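For ligands, and for the atoms within them, numbers begin at 1 and follow the listed sequence. Bear in mind that the values here come from a model prediction, so they are computed numbers and not experimental data.
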Amino acid sequence: MLEPERWALFLDIDGTLIELAETPDGIVVPPDLPENLHRLSMSLGGALALVTGRALPYADQLFTPYKFPIAGLHGSERRDPSGAISRVEVGAAFEDLKAALVREARQWPGVLVEDKGAAVAAHYRQALEQREAVEAAMPRYLDMAGPDFTLQHGKMVMEIRPAQASKGHALQAFLDQPPFKGRKPIAIGDDVTDEAMFRTANELGGHSIRITETPGDTEAKSTLPSAAALRAAIKALASGVKPDAA
Ligand SMILES: O=P(O)(O)OC[C@H]1O[C@H](O[C@H]2O[C@H](CO)[C@@H](O)[C@H](O)[C@H]2O)[C@H](O)[C@@H](O)[C@@H]1O
Ligand SMILES: [Mg+2]
């Protein structure tokens, strides 16, 4: 990367670093990815963060033995470069809501409910015929959750998550602290939730890249066709070789 001391890198996980799978637990982390990310992070002086919809513990174990600065649950929780963790707390009522959603989902064969702590997702990737049922039910659960929560659309998933955070806010929070401070952001993602960090990166004079084969409705400044293409670029940058895709 040219002038690595000028840039900070913000990377989404699912669909960006790692190919999507049929189920949330079905993803496969390419064995060289953690090491390549670590090396790239070193070349950026540590200014590399993961910004994901996953919960922090789940995301962390994907990249063992390395731990990167990270924002989880679409920005609702964050571990900063010093290791300090901040997160939105949810009360007992949200636990009741999640239990009620799990019970109702028994009527939707093939739908997976993912309990992420302060967020809950209903995945219909394996039961497309249940999409309408999920889309009809989730606004009801949002009403139960109250105004501190919002609905997050994703790839064959709807989830309820804390409203006050976003991936854009997470990116800004990282940029307020060293080693991110004073650098221009590059945000890379693949989904609706990533548009918030694309906007923030663009507003700050940085760059944004959406992983998609069908460029269109995105605020990202450029695109890459696949997670594999991004990993190839990361590998080349990590080994000090200028990649074709950059
Ligand atoms: O922000 P991300 O890191 O991209 O996380 C977004 C969501 O990713 C996961 O769901 C998606 O990926 C699954 C595995 O490939 C796939 O089965 C599912 O259909 C996708 O929606 C994850 O399960 C969610 O919690 C994340 O919010
Ligand atoms: Mg993604």
Side-chain angles (χ1 to χ4, degrees), residues 9-30 33-34 37 48-63 68-79 87-88 98 101-102 105 108 110-131 134-135 138 149-163 165-171 174 187-198 200-201 208-213 218-220 223-231:
L9 192 54
F10 298 95
L11 297 165
D12 171 61
I13 297 178
D14 291 273
T16 296
L17 287 172
I18 298 171
E19 281 78 7
L20 295 178
E22 280 301 301
T23 64
D25 290 336
I27 52 172
V28 176
V29 182
L33 180 61
L37 284 174
L48 179 154
L50 303 170
V51 186
T52 178
R54 298 273 187 174
L56 291 193
Y58 194 100
D60 271 340
Q61 51 86 29
L62 299 173
F63 302 99
F68 302 98
I70 183 170
L73 303 184
H74 309 275
S76 306
E77 49 187 22
R78 195 172 76 89
R79 184 178 62 240
R87 51 167 51 101
V88 174
K98 290 188 288 188
L101 178 58
V102 167
W108 309 325
V111 171
L112 285 176
V113 176
E114 183 187 13
D115 181 351
K116 303 196 281 184
V120 63
H123 292 267
Y124 51 85
R125 181 175 292 276
Q126 293 184 297
L128 293 183
E129 68 283 2
Q130 302 294 348
R131 177 179 182 159
V134 171
E135 288 184 343
M138 290 301 268
F149 290 83
T150 191
L151 269 185
Q152 177 70 55
H153 291 261
K155 291 185 170 171
M156 301 190 198
V157 64
M158 274 183 93
E159 74 177 272
I160 295 171
R161 66 164 178 86
S166 75
K167 288 194 176 189
H169 289 122
L171 190 147
F174 282 121
I188 309 180
D190 72 308
D191 203 351
V192 179
T193 178
D194 300 308
E195 293 292 329
M197 67 171 179
F198 297 158
T200 302
S208 48
I209 301 172
R210 184 148 175 167
I211 306 298
T212 177
E213 283 183 344
T218 177
E219 295 191 40
T223 64
L224 272 176
S226 64
L230 176 61
R231 288 197 305 272

Worksheet item: Relative to the heavy atoms of I27, which atoms of ligand 1 are at a distance of less than 4.0 Å?
Response: 14 (C), 15 (O)
Worksheet item: Under a 4.0 Å N-O cut-off, is there an ion pair linking D60 with R79?
Response: yes
Worksheet item: ligand 1 and T52, any nitrogen or oxygen pair closer than 3.5 angstrom?
Response: yes
Discussion item. Quick one, I211 and D194 - any side-chain contact, counting heavy atoms below 4.5 Å?
Written reply: no
Worksheet entry | Interfacing atoms of ligand 1 (cut-off 4.0 Å, heavy-atom, E159) | 27 (O)
Fill in: Closest approach of any protein heavy atom to atom 19 (O) of ligand 1, naming residue and atom
R125 NE, 2.7 Å
Item to complete: Show all protein N/O/S atoms under 2.8 Å from the Mg ion (ligand 2), or state that there are none.
Response: D12 OD2, D14 O, D190 OD1
Item to complete: Check the side chains of E213 and S226 for a donor-acceptor pair under 3.5 angstrom, ignoring hydrogens and angles.
Response: no
Worksheet item: Taking C-beta and beyond as the side chain, do F149 and V120 meet within less than 4.5 Å on heavy atoms?
Response: no
Discussion item. Any heavy-atom pair between the side chains of R54 and E114 that's under 4.5 Å?
Written reply: yes
Fill in: Close side-chain approach of L37 to L17, heavy-atom, < 4.5 Å
yes
Worksheet item: What atoms of ligand 1 come within less than 4.0 Å of a heavy atom belonging to E22?
Response: 17 (O)
Worksheet item: Counting heavy atoms only, which part of A121 comes closer than 4.0 Å to ligand 1: side chain, backbone, both or neither?
Response: neither
Fill in: Side-chain touch K155/D14, heavy atoms, less than 4.5 angstrom
no
Discussion item. Could you check whether any side-chain heavy atom of M138 comes within less than 4.5 Å of a side-chain heavy atom of H153, counting everything from C-beta outward?
Written reply: no
Worksheet item: With backbone taken as N, CA, C and O and side chain as the heavy atoms from C-beta onward, which portion of M158 lies under 4.0 Å from ligand 1: side chain, backbone, both, or neither?
Response: neither
Worksheet item: Short N/O distance, under 3.5 Å, between A21 and ligand 1?
Response: yes
Worksheet entry | Enumerated ligand 1 atoms positioned under 4.0 Å from heavy atoms of V157 | 21 (O)
Discussion item. With heavy-atom distances below 4.5 Å as the criterion, would you say the side chains of R78 and F174 are in contact?
Written reply: yes
Worksheet entry | Per-atom contacts of ligand 1 with K155, taking only distances under 4.0 Å to non-hydrogen atoms | 18 (C), 19 (O), 20 (C), 21 (O)
Worksheet item: What protein heavy atom is closest to atom 5 (O) of ligand 1, reported as residue, atom name and distance in Å?
Response: D14 OD2, 3.4 Å
Item to complete: Within a distance under 4.0 Å of any heavy atom of T23, pick out the atoms of ligand 1 and give their elements.
Response: 14 (C), 17 (O)
Worksheet item: Ion pair present between R161 and E77, side-chain N to carboxylate O less than 4.0 angstrom?
Response: no
Worksheet item: If you measure from each heavy atom of K167 to ligand 1, is any distance below 4.0 Å?
Response: yes
Worksheet item: Between E195 and E219, is there a donor-acceptor pair closer than 3.5 Å when you use the side chain of the first and the backbone of the second?
Response: yes
Response to the item:
The side chain to side chain contact (heavy atoms under 4.5 Å, CB included) partners of V157 (sequence neighbours excluded) come to A121, H123
Item to complete: Report yes if L20 has an N/O atom closer than 3.5 Å to an N/O atom of ligand 1; otherwise report no.
Response: no
Practice prompt. Taking only heavy atoms of K116 into account, list the atoms of ligand 1 that are under 4.0 Å away from them.
Written response: 24 (C), 25 (O), 26 (C), 27 (O)
Response to the item:
Those residues at least two apart in sequence (or on a different chain) that pass salt bridge (charged side-chain N to carboxylate O under 4.0 Å, His left out) with D191 are none
Worksheet item: Going by the atom numbers of ligand 1, which of them fall below 4.0 Å from some non-hydrogen atom of P24?
Response: 14 (C), 17 (O), 23 (O)
Worksheet item: Roughly how far, to the nearest 0.5 Å, is the CG atom of L33 from the CZ atom of R231?
Response: 6.5 Å
Worksheet item: How far is atom 10 (O) of ligand 1 from its nearest protein heavy atom, and which residue and atom name does that atom have?
Response: H123 CE1, 3.4 Å
Discussion item. Starting from atom 23 (O) of ligand 1, what is the nearest protein heavy atom, named by residue and atom, and what distance separates them?
Written reply: E114 OE1, 2.9 Å
Worksheet item: Are any of the N or O atoms of D12 closer than 3.5 Å to those of ligand 1?
Response: yes
Worksheet entry | Check: G53 N/O within less than 3.5 Å of ligand 1 N/O | yes
Worksheet, complete the sentence: Min over R161, M197, R54, H153 of heavy-atom distance to atom 22 (C) of ligand 1 lands on R54
Practice prompt. Tell me, please, which residues at least two apart from F198 pass ring-ring contact (aromatic ring centres under 6.0 Å, His included).
Written response: none
Practice prompt. Would you indicate whether the side-chain heavy atoms of T52 and Y58 approach each other to under 4.5 Å?
Written response: no
